[in-house]
Amino acid sequence: MRTLLVADLHLSEHTPEITQGFLDYLATTAVDAKAVYILGDLFDAWIGDDLLDYPHPLADIAKQVAAALSKLGKNGTRIFLMHGNRDFFIGQRFADVCSATLLSDIQEAELHGIPLVLLHGDSLCTLDKDYMAFRQQSRDPQWQAQMLDLPLEQRLALATSLRQQSGDANATKAQAIMDVTPSEVVKLLEKRGVATMIHGHTHRPKVHDLTADDVPAKRFVLGDWDSQHGWDIVIDDDAESTTAPRLRQFPLNSSPVS
């Protein structure tokens with residue numbers, strides 16, 4: 001049995017190769033998985049679960065993905081969804097359609113005997129003051145309720161505008177500002193009492209070695225999917241042992257099966 005973790009697929013009507021690649025991944029690599037964790041930004045933008053009621057290309061994509069996830073769930077694979085910085089409006093309705101469990105923004109877990117902390121990763125980018133201010137606003141229940149009360153077309157336009165503003169702002173920011181703050185990583189590991197962290201968001205896939213509470217620790221960073229490649233982390237076990245998490249990149253036309 002194995003557990004699979006992915007993040008940052010950024011699915012949209014403009015990324016058909018990624019959508020098909022993820023559907024293939026779910027039908028092959030994930031078919032016998034114990035669990036699949038999606039650690040944020042499944043969609044490039046999600047403006048509310050009521051999108052499913054409208055004839056919109058993203059709604060069609062969401063229904064395809066939800067059906068594939070639900071099929072896995074009904075066959076015994078546990079499905080977990082976490083909010084990212086692009087799809088924080090995913091709600092219980094969409095989770096239910098996916099047969100998925102919504103996770104908290106920072107989630108402790110024990111996967112195959114390995115205690116760890118899971119998160120999207122944006123909350124660790126504390127040097128990006130402008131983004132952190134937006135993050136605080138966008139997680140406020142009152143603000144979210146006001147946004148969800150807007151007509152669908154207005155929310156779609158707002159999402160497009162926010163993506164454009166984010167792209168423009170990021171183009172002028174130093175790379176270090178848009179990465180996680182190392183001291184925040186250590187602080188979170190020590191607060192949660194674990195030595196393994198898995199996150200996405202930064203689009204900088206790597207396994208980092210560090211120290212927390214004077215013991216060796218690891219931070220696994222998932223990569224973002226593109227039209228050619230996907231990324232995941234796999235944790236295997238068998239009757240005798242559990243393997244350490246493995247970060248993998250793979251071509252979308254050939255999802256990994258082991």
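Bear in mind that the values here come from a model prediction, so they are computed numbers and not experimental data.
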Under 3.5 Å, is there a donor-acceptor pair between the side chain of [X] and the main chain of [Y]?
{"X": "Trp225", "Y": "Trp231", "result": "yes"}
{"X": "His120", "Y": "Leu39", "result": "yes"}
{"X": "Thr181", "Y": "Ser183", "result": "no"}
{"X": "Asp49", "Y": "Gly91", "result": "yes"}
{"X": "Glu108", "Y": "Leu116", "result": "no"}

If I take atom [atom1] from residue [X] and atom [atom2] from residue [Y], how far apart are they, to the nearest 0.5 angstrom?
{"X": "Ile198", "Y": "Ile233", "atom1": "CD1", "atom2": "CD1", "result": "4.5 Å"}
{"X": "Ile106", "Y": "Arg192", "atom1": "CD1", "atom2": "CZ", "result": "5.0 Å"}
{"X": "Asp128", "Y": "Met132", "atom1": "CG", "atom2": "CE", "result": "8.5 Å"}
{"X": "Leu58", "Y": "Trp46", "atom1": "CG", "atom2": "CH2", "result": "5.5 Å"}
{"X": "Met1", "Y": "Lys34", "atom1": "CE", "atom2": "NZ", "result": "6.5 Å"}
{"X": "Leu118", "Y": "Phe220", "atom1": "CG", "atom2": "CZ", "result": "11.5 Å"}

Residues [X] and [Y]: side-chain donor-acceptor under 3.5 angstrom:
{"X": "Thr3", "Y": "His112", "result": "yes"}
{"X": "Asn85", "Y": "Tyr131", "result": "no"}
{"X": "Asp24", "Y": "Gln20", "result": "yes"}

- Message: Do the side chains of Asp41 and Arg86 get close enough for a salt bridge, i.e. N-O under 4.0 angstrom?
- Response: no
- Message: Apply side chain to side chain contact (heavy atoms under 4.5 Å, CB included) to residues Leu111 and Tyr37 and explain how you reach the verdict.
- Response: CA-CA 11 Å; Leu111 303 183; Tyr37 286 77; 3.3 Å; yes
Given side chains that start at C-beta, do those of [X] and [Y] come closer than 4.5 Å, heavy atoms only?
{"X": "Arg219", "Y": "His199", "answer": "yes"}
{"X": "Val180", "Y": "His208", "answer": "no"}
{"X": "Phe22", "Y": "Ile38", "answer": "yes"}
{"X": "Phe250", "Y": "Thr29", "answer": "no"}
{"X": "Leu148", "Y": "Arg155", "answer": "yes"}
{"X": "Asp226", "Y": "His229", "answer": "yes"}
{"X": "Ser123", "Y": "Asp105", "answer": "no"}
{"X": "Gln107", "Y": "Phe80", "answer": "no"}

- Query: Same cluster for Leu5 and Val31 if Ile/Leu/Val/Met/Phe/Trp/Tyr side chains link at under 4.5 Å?
  - Reply: no
- Say whether Ile61 and Leu152 are linked into one hydrophobic cluster, either directly or through other cluster members, by side-chain heavy-atom distances under 4.5 angstrom. yes
- Task: With sequence neighbours excluded, tell me which residues meet side chain to side chain contact (heavy atoms under 4.5 Å, CB included) with Asp213.
- Result: Glu190
Tell me whether [X] at atom [atom1] has more than 12 heavy atoms from other residues, nucleotides or ligands lying less than 6.0 Å away.
{"X": "Gln92", "atom1": "CD", "result": "yes"}
{"X": "Arg135", "atom1": "CZ", "result": "yes"}
{"X": "Lys206", "atom1": "NZ", "result": "no"}

- Task: Pick out which of Leu222, Asp8, Val221, Asp179 makes a side-chain contact (heavy atoms from CB on, under 4.5 Å) with His203.
- Result: Asp8
- Among Leu102, Leu42, Asp87, find the one that has a side-chain contact (heavy atoms from CB on, under 4.5 Å) with Phe94. Leu42
Looking at every heavy atom in both [X] and [Y], which two are closest together, and how far apart are they?
{"X": "Pro115", "Y": "Gly113", "value": "CD-O, 3.4 Å"}
{"X": "Gln144", "Y": "Phe88", "value": "NE2-CD1, 4.0 Å"}
{"X": "Leu52", "Y": "Ala62", "value": "CD2-CB, 4.0 Å"}
{"X": "Ser104", "Y": "Met82", "value": "O-CE, 3.4 Å"}
{"X": "Leu23", "Y": "Val65", "value": "CD2-CA, 4.0 Å"}
{"X": "Val97", "Y": "Ala66", "value": "CG1-CB, 3.5 Å"}

- Task: In sequence, state the C-alpha distance, the side-chain angles, and the governing distance for Arg2 and Asp232, and then conclude on salt bridge (charged side-chain N to carboxylate O under 4.0 Å, His left out).
- Result: CA-CA 12 Å; Arg2 58 189 166 174; Asp232 71 0; over 6 Å; no
- What's the verdict on side-chain hydrogen bond (donor to acceptor under 3.5 Å, both in side chains) for Gln136 and Asp140, showing C-alpha distance, side-chain angles and the deciding distance? CA-CA 7 Å; Gln136 182 176 13; Asp140 179 71; over 6 Å; no
- Query: Does the side chain to side chain contact (heavy atoms under 4.5 Å, CB included) test come out yes or no for Asp209 and Lys218, once each step is laid out?
  - Reply: CA-CA 5 Å; Asp209 292 300; Lys218 286 187 180 292; 2.4 Å; yes
For residues 70-77, which side-chain N or O atoms pair as donor and acceptor with protein atoms under 3.5 Å away, sequence neighbours left out?
unit_1	atom_1	unit_2	atom_2	d
Ser70	OG	Ser99	OG	2.9
Asn75	ND2	Lys71	O	3.2
Thr77	OG1	Ala33	O	2.7

- Query: Going through the checks in order, is the side chain to side chain contact (heavy atoms under 4.5 Å, CB included) test met by Tyr54 and Leu156?
  - Reply: CA-CA 12 Å; Tyr54 293 87; Leu156 288 168; over 6 Å; no
- Message: Applying side chain to side chain donor-acceptor pair (under 3.5 Å), can you list everything that pairs with Arg93, at least two apart in sequence or on another chain?
- Response: Asp53
- After noting the C-alpha distance and the side-chain angles of Leu4 and Arg248, does the key distance pass the side chain to side chain contact (heavy atoms under 4.5 Å, CB included) rule? CA-CA 11 Å; Leu4 302 169; Arg248 310 186 295 185; 4.0 Å; yes
